[in-house]
Amino acid sequence: MPTPFQKEVYKALQKIPKGRVTTYGAIASYLNTKAIRAVGTAVGKNPNAPDIPCHRVVPSTGKVGNYSGVGGVNMKRTLLLEEGVAIENGKILHFEDTLYLFS
DNA sequence: AGCGTGACGAACT
DNA sequence: TAGTTCGCCACGC
């Protein structure tokens with residue numbers, strides 16, 4: 001049973017186009033909140049939903065971040081690579097170019 | 001109502 | 001440059 005907050009987060013995640021990624025900060029800004037922790041918590045709590053491309057969310061540091069799904073960050077990396085996101089040694093290449101901001 | 005936890009971020013040492 | 005600390009808000013106990 002997702003909370004309203006998580007619902008907003010998930011909705012935002014589904015807006016991310018294929019081959020692009022977004023940051024927790026961008027989501028927080030989109031939701032008009034400063035609690036990046038809350039966003040990360042919300043996303044991390046329901047990684048089981050296949051309808052949510054949670055693997056397209058990365059920290060602002062340009063690294064892959066974390067992943068609670070099966071396979072962990074390794075799977076996350078693979079998924080992003082399959083979508084056309086270049087990753088090297090756990091960090092995203094051309095991060096600013098790959099980054100997607102909500103309109 | 002209070003405390004601890006968390007897929008983060010920025011500042012500090 | 002790397003490691004540590006504090007802060008942010010939502011959620012469960």
Side-chain angles (χ1 to χ4, degrees):
Chain A
M1 186 71 190
T3 67
F5 184 77
Q6 290 179 243
K7 189 172 149 192
E8 293 299 308
V9 174
Y10 301 150
K11 192 169 66 177
L13 292 182
Q14 293 175 61
K15 292 164 61 68
I16 307 171
K18 178 178 173 244
R20 292 287 177 90
V21 297
T22 193
T23 65
Y24 294 94
I27 296 172
S29 181
Y30 175 70
L31 298 181
N32 207 328
T33 179
K34 288 120 185 151
I36 293 162
R37 305 298 313 250
V39 177
T41 303
V43 178
K45 282 190 169 200
N46 286 41
N48 308 309
D51 303 305
I52 301 167
C54 31
H55 59 276
R56 292 180 185 158
V57 188
V58 297
S60 64
T61 57
K63 305 198 174 192
V64 185
N66 228 308
Y67 191 69
S68 296
V70 180
V73 295
N74 190 0
M75 180 61 78
K76 182 172 181 179
R77 246 181 9 189
T78 303
L79 288 170
L80 290 173
L81 286 170
E82 291 292 311
E83 294 185 352
V85 179
I87 300 174
E88 183 176 288
N89 194 20
K91 56 192 184 202
I92 299 173
L93 301 181
H94 309 292
F95 180 57
E96 296 180 27
D97 191 57
T98 311
L99 182 60
Y100 171 80
L101 274 6
F102 298 96
S103 33

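Every chain is numbered from 1, with letters handed out A, B, ... down the list of sequences.
Considering all non-hydrogen atoms of both residues, A/L101 and A/A26 come closest at CD1-CB, 4.2 Å. Considering every non-hydrogen atom in both A/G44 and A/S68, the closest pair reads O-OG, 4.2 Å.
At least one donor-acceptor pair under 3.5 Å links the side chain of A/T78 to the backbone N or O of A/N74. In this structure, the side chain of A/K76 does not engage the main chain of A/G69 through any donor-acceptor pair within 3.5 Å.
One interatomic measurement links the two molecules: CG of A/N32 to P of C/dA10, which rounds to 11 Å at whole-angstrom precision. Taking atom CD of A/Q6 as the reference point, atom C1' of C/dC11 lies 8 Å away to the nearest angstrom. When rounded to the nearest whole Å, the span between CD1 of A/I36 and P of B/dA11 equals 11 Å. One can place NZ of A/K63 at 10 Å from C1' of C/dA2, the figure rounded to the nearest angstrom. When the P atom of B/dA11 is taken as reference, atom NZ of A/K34 falls 16 Å away, rounded to whole Å. Atom NZ of A/K7 and atom P of C/dC11 are 13 Å apart (whole Å). Taking atom CZ of residue A/R56 and atom P of nucleotide B/dA7, one finds them 21 Å apart after rounding to whole Å. Atom pair A/N74:CG and B/dA7:C1' shows a separation of 16 Å (rounding to whole Å applied).
Comparing B/dA7, C/dC9, C/dC11 by their nearest atom to the side chain of A/C54 picks out B/dA7. Of the candidates B/dG6, B/dA7, C/dC11, B/dA7 carries the atom nearest the A/Y24 side chain, counting heavy atoms from C-beta on. Picking from B/dA7, C/dG12, C/dC8 the nucleotide with the shortest atom distance to the side chain of A/K45 gives C/dG12.
Contacts of A/Y67 with the nucleic acid, taken as non-hydrogen atoms under 4.0 Å apart, include base atoms. Among the protein residues, A/S60 comes within range of the sugar-phosphate backbone only, with heavy atoms under 4.0 Å from sugar or phosphate atoms but none that close to a base.
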Validation: residues 8-22 of chain A side-chain donor-acceptor distances under 3.5 Å, sequence neighbours left out:
from, atom 1, to, atom 2, distance (Å)
A/Y10, OH, A/Q6, NE2, 2.6
A/Y10, OH, A/A42, O, 3.2
A/Q14, NE2, A/Y10, O, 3.4
A/T22, OG1, A/Y100, O, 3.0

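Between A/A38 and A/T61, the residue anchored nearer the 5' end of DNA chain B, judged by the nucleotide with its closest heavy atom, is A/A38.
Phosphate proximity of C/dC11 to A/T3: present, with a side-chain N or O under 4.0 Å from OP1 or OP2.
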